[in-house]
K.L.:
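First, the structure itself, so that you have it in front of you.
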Amino acid sequence: MKVTFYGHASLGIEVSGKHILVDPYISANPKAAHIDINTLKADFILITHAHGDHILDVEAIAKRTGAVIVSNYEIATHYGAKGFKNHPMNHGGSWSFDFGKLKYVNAVHSSTFPDGSNGGNPGGFVIEGEHKNIYIAGDTALTMDMKLIPMRTKLDLAILPIGDNFTMDVDDAIIASDFVACDKILGMHYDTFGYIEINHEEAIKKFFDKGKDLMLLEIGGYIEL
């Protein structure tokens, strides 16, 4: 499994020969100016919630690639009404796709489209691939529901927001990593704009002092599991 960071909360995941994009907000992010969305491959697009900084490039990419949009019922049917292929889910539900088993799990946040219309309830995803399992928290506060995840799935990577103000901060993300029983963390939702700027060295050290590995990738950088 290969995980690429495209800035903010945007990710690319390659698993079992399939390409997955998560929350594509790239073209309006100055920090990701070197990423051309017209070159990105996508068989599936996963959307955690409807905020503009998570859905901006969904339609452009889905139109070009024919990707299946996977999200909660409200978001999936929103795009379905526009003619896009979609797969609706809801909290606690799972489905076996070509790339593995996907579960839609709780997140504590809000979810409205930029025009104010209903984006359903926010969520995160657990992907169980052929060899590796990952948790994508989406935008969320620290929540006790995270403790449920390792009761069903042993994680190899947890992708957690760390920017504070709109989501958990670094200290809460450390607790979240305890809750999901995973010490290998990829940080996201930080530095994009002033509200969520962080001190990288301090964040990495805080995780290190707890025996954990926080990875803060350059935009376009990737890890392989």
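Values below: all heavy atoms of this structure, side chains included; hydrogens, waters and symmetry mates excluded. In this chain, numbering begins with 1 at the start of the sequence shown.
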K.L.:
Name the atoms and distances for all side-chain donor-acceptor pairs under 3.5 Å in residues 142-149, with sequence neighbours left out.
P.N.:
{"unit_1": "Thr143", "atom_1": "OG1", "unit_2": "Asp145", "atom_2": "N", "d": "3.2"}
{"unit_1": "Asp145", "atom_1": "OD2", "unit_2": "Asn106", "atom_2": "ND2", "d": "2.8"}

K.L.:
Would you indicate whether the side-chain heavy atoms of Leu40 and Ile26 approach each other to under 4.5 Å?
P.N.:
yes

K.L.:
Only counting residues at least two apart or in another chain, list the ones meeting side-chain hydrogen bond (donor to acceptor under 3.5 Å, both in side chains) with Asp43.
P.N.:
none

K.L.:
What are the two closest non-hydrogen atoms of Cys182 and Lys212, and how far apart are they?
P.N.:
O-NZ, 4.5 Å

K.L.:
Taking the side chain as C-beta and beyond, is there a heavy-atom pair between Asp53 and His189 under 4.5 Å?
P.N.:
yes

K.L.:
For Thr167, enumerate each residue passing the side-chain hydrogen bond (donor to acceptor under 3.5 Å, both in side chains) test, keeping only those at least two apart in sequence or located in another chain.
P.N.:
none

K.L.:
Grab the two heavy atoms, one from Ser110 and one from Pro122, that are nearest each other, plus how far apart they are.
P.N.:
O-CB, 4.0 Å

K.L.:
Fit a plane to each ring of His8 and Phe193, take the angle between them on a 0 to 90° scale, and name the class: parallel (under 30°), tilted (30 to 60°) or perpendicular (over 60°).
P.N.:
tilted

K.L.:
Minimum heavy-atom separation for Pro114 and Ala50, please, with both atom names.
P.N.:
CD-O, 3.7 Å

K.L.:
Check the pair Leu102 / Leu46 against side-chain contact (heavy atoms from CB on, under 4.5 Å), numbers first and verdict last.
P.N.:
CA-CA 10 Å; Leu102 182 71; Leu46 308 186; 3.9 Å; yes

K.L.:
Leu225 and side-chain contact (heavy atoms from CB on, under 4.5 Å): which partner among Lys2, His131, Lys132?
P.N.:
Lys132

K.L.:
Are Ile134 and Val15 close enough that some pair of their side-chain heavy atoms sits under 4.5 Å apart?
P.N.:
no

K.L.:
Could you tabulate the donor-acceptor pairs under 3.5 Å formed by side-chain atoms of residues 75-89, not counting sequence neighbours?
P.N.:
{"unit_1": "Thr77", "atom_1": "OG1", "unit_2": "Tyr73", "atom_2": "O", "d": "2.7"}
{"unit_1": "Thr77", "atom_1": "OG1", "unit_2": "Glu74", "atom_2": "O", "d": "3.3"}
{"unit_1": "Lys82", "atom_1": "NZ", "unit_2": "Glu59", "atom_2": "OE2", "d": "2.7"}
{"unit_1": "Lys85", "atom_1": "NZ", "unit_2": "Gly66", "atom_2": "O", "d": "2.8"}
{"unit_1": "Asn86", "atom_1": "ND2", "unit_2": "Phe84", "atom_2": "O", "d": "3.3"}

K.L.:
Between CZ of Phe125 and OG of Ser94, what distance do you get to the nearest 0.5 Å?
P.N.:
12.5 Å

K.L.:
Is there a path from Val108 to Phe179 through hydrophobic residues (I, L, V, M, F, W, Y) whose side chains come within less than 4.5 Å of each other?
P.N.:
no

K.L.:
Return the set of residues passing ring pair (Phe, Tyr, Trp, His ring centres under 6.0 Å) with His19 (not counting sequence neighbours), or none when no residue passes.
P.N.:
none

K.L.:
Not counting sequence neighbours, which residues clear side-chain contact (heavy atoms from CB on, under 4.5 Å) with Phe208? List them please.
P.N.:
none

K.L.:
Looking at residues at least two apart in the chain, or sitting in another chain, which of them share a side-chain contact (heavy atoms from CB on, under 4.5 Å) with Asp169?
P.N.:
Asp164, Asp171, Asp172

K.L.:
Would you confirm whether the ring centroid of Tyr25 sits within less than 6.0 angstrom of the ring centroid of His51?
P.N.:
no

K.L.:
Using modelled atom types only, decide if a donor and an acceptor are shared between the side chain of Ser111 and the backbone of Asn121 within a distance under 3.5 Å.
P.N.:
no

K.L.:
Do Tyr190 and Leu216 have side chains that approach each other closer than 4.5 Å (heavy atoms only, starting at C-beta)?
P.N.:
yes

K.L.:
Could you tell me which non-hydrogen atom of Ala67 sits nearest to which non-hydrogen atom of Phe44, and how far apart they are?
P.N.:
CB-N, 4.0 Å

K.L.:
Do Ile20 and Val70 have side-chain heavy atoms sitting under 4.5 Å apart?
P.N.:
no

K.L.:
Group every Ile, Leu, Val, Met, Phe, Trp and Tyr by side-chain heavy-atom contacts under 4.5 Å, then state whether Ile136 and Val180 land in the same group.
P.N.:
yes

K.L.:
Using the side-chain contact (heavy atoms from CB on, under 4.5 Å) criterion, which residues pair with Asp115? Sequence neighbours excluded.
P.N.:
Phe113, Ser117

K.L.:
With ring centroids as reference points, do Phe5 and Tyr222 lie under 6.0 angstrom apart?
P.N.:
no

K.L.:
For the residue pair Leu21 and Tyr6, establish whether any side-chain heavy-atom pair is separated by less than 4.5 Å.
P.N.:
yes

K.L.:
Should the heavy atoms of other residues, nucleotides or ligands under 6.0 Å from CZ of Arg64 be counted, would the total exceed 12?
P.N.:
yes

K.L.:
Between Ser10 and Ile219, is there a side-chain heavy-atom distance shorter than 4.5 Å?
P.N.:
no

K.L.:
His91: which residues meet the side-chain hydrogen bond (donor to acceptor under 3.5 Å, both in side chains) condition with it, sequence neighbours left out?
P.N.:
none

K.L.:
Which heavy atom in Ser27 sits nearest to a heavy atom in Asp57, and how many Å separate them?
P.N.:
OG-OD1, 2.5 Å

K.L.:
Show me the donor-acceptor pairs, under 3.5 Å and distance only, between side chains in residues 153-163 and residues at least two apart or in other chains.
P.N.:
{"unit_1": "Thr153", "atom_1": "OG1", "unit_2": "Glu128", "atom_2": "OE2", "d": "2.5"}
{"unit_1": "Asp156", "atom_1": "OD2", "unit_2": "Asn133", "atom_2": "N", "d": "2.8"}

K.L.:
Would you say Leu217 and Val3 make side-chain contact, with heavy atoms under 4.5 Å?
P.N.:
no

K.L.:
Taking only residues two or more places apart in sequence or in another chain, which ones pass side-chain contact (heavy atoms from CB on, under 4.5 Å) with Asp213?
P.N.:
Lys184, Met215

K.L.:
Please answer whether the main-chain N or O of Ala137 pairs with a side-chain N or O of Thr140 as donor and acceptor at a distance below 3.5 Å.
P.N.:
no

K.L.:
Please identify each residue that fulfils side-chain hydrogen bond (donor to acceptor under 3.5 Å, both in side chains) with Asp98, with sequence neighbours left out.
P.N.:
none

K.L.:
Set out, in order, the CA-CA distance, both residues' side-chain angles and the distance that settles side-chain contact (heavy atoms from CB on, under 4.5 Å) for Met1 and Ile13, then state yes or no.
P.N.:
CA-CA 7 Å; Met1 185 181 292; Ile13 301 169; 4.0 Å; yes

K.L.:
When the ring planes of His49 and His54 are compared, do they come out parallel, tilted or perpendicular, using 30° and 60° as the limits?
P.N.:
tilted

K.L.:
Spell out, as yes or no, whether a donor-acceptor pair under 3.5 Å connects the side chain of Asp23 to the backbone of Thr48.
P.N.:
yes

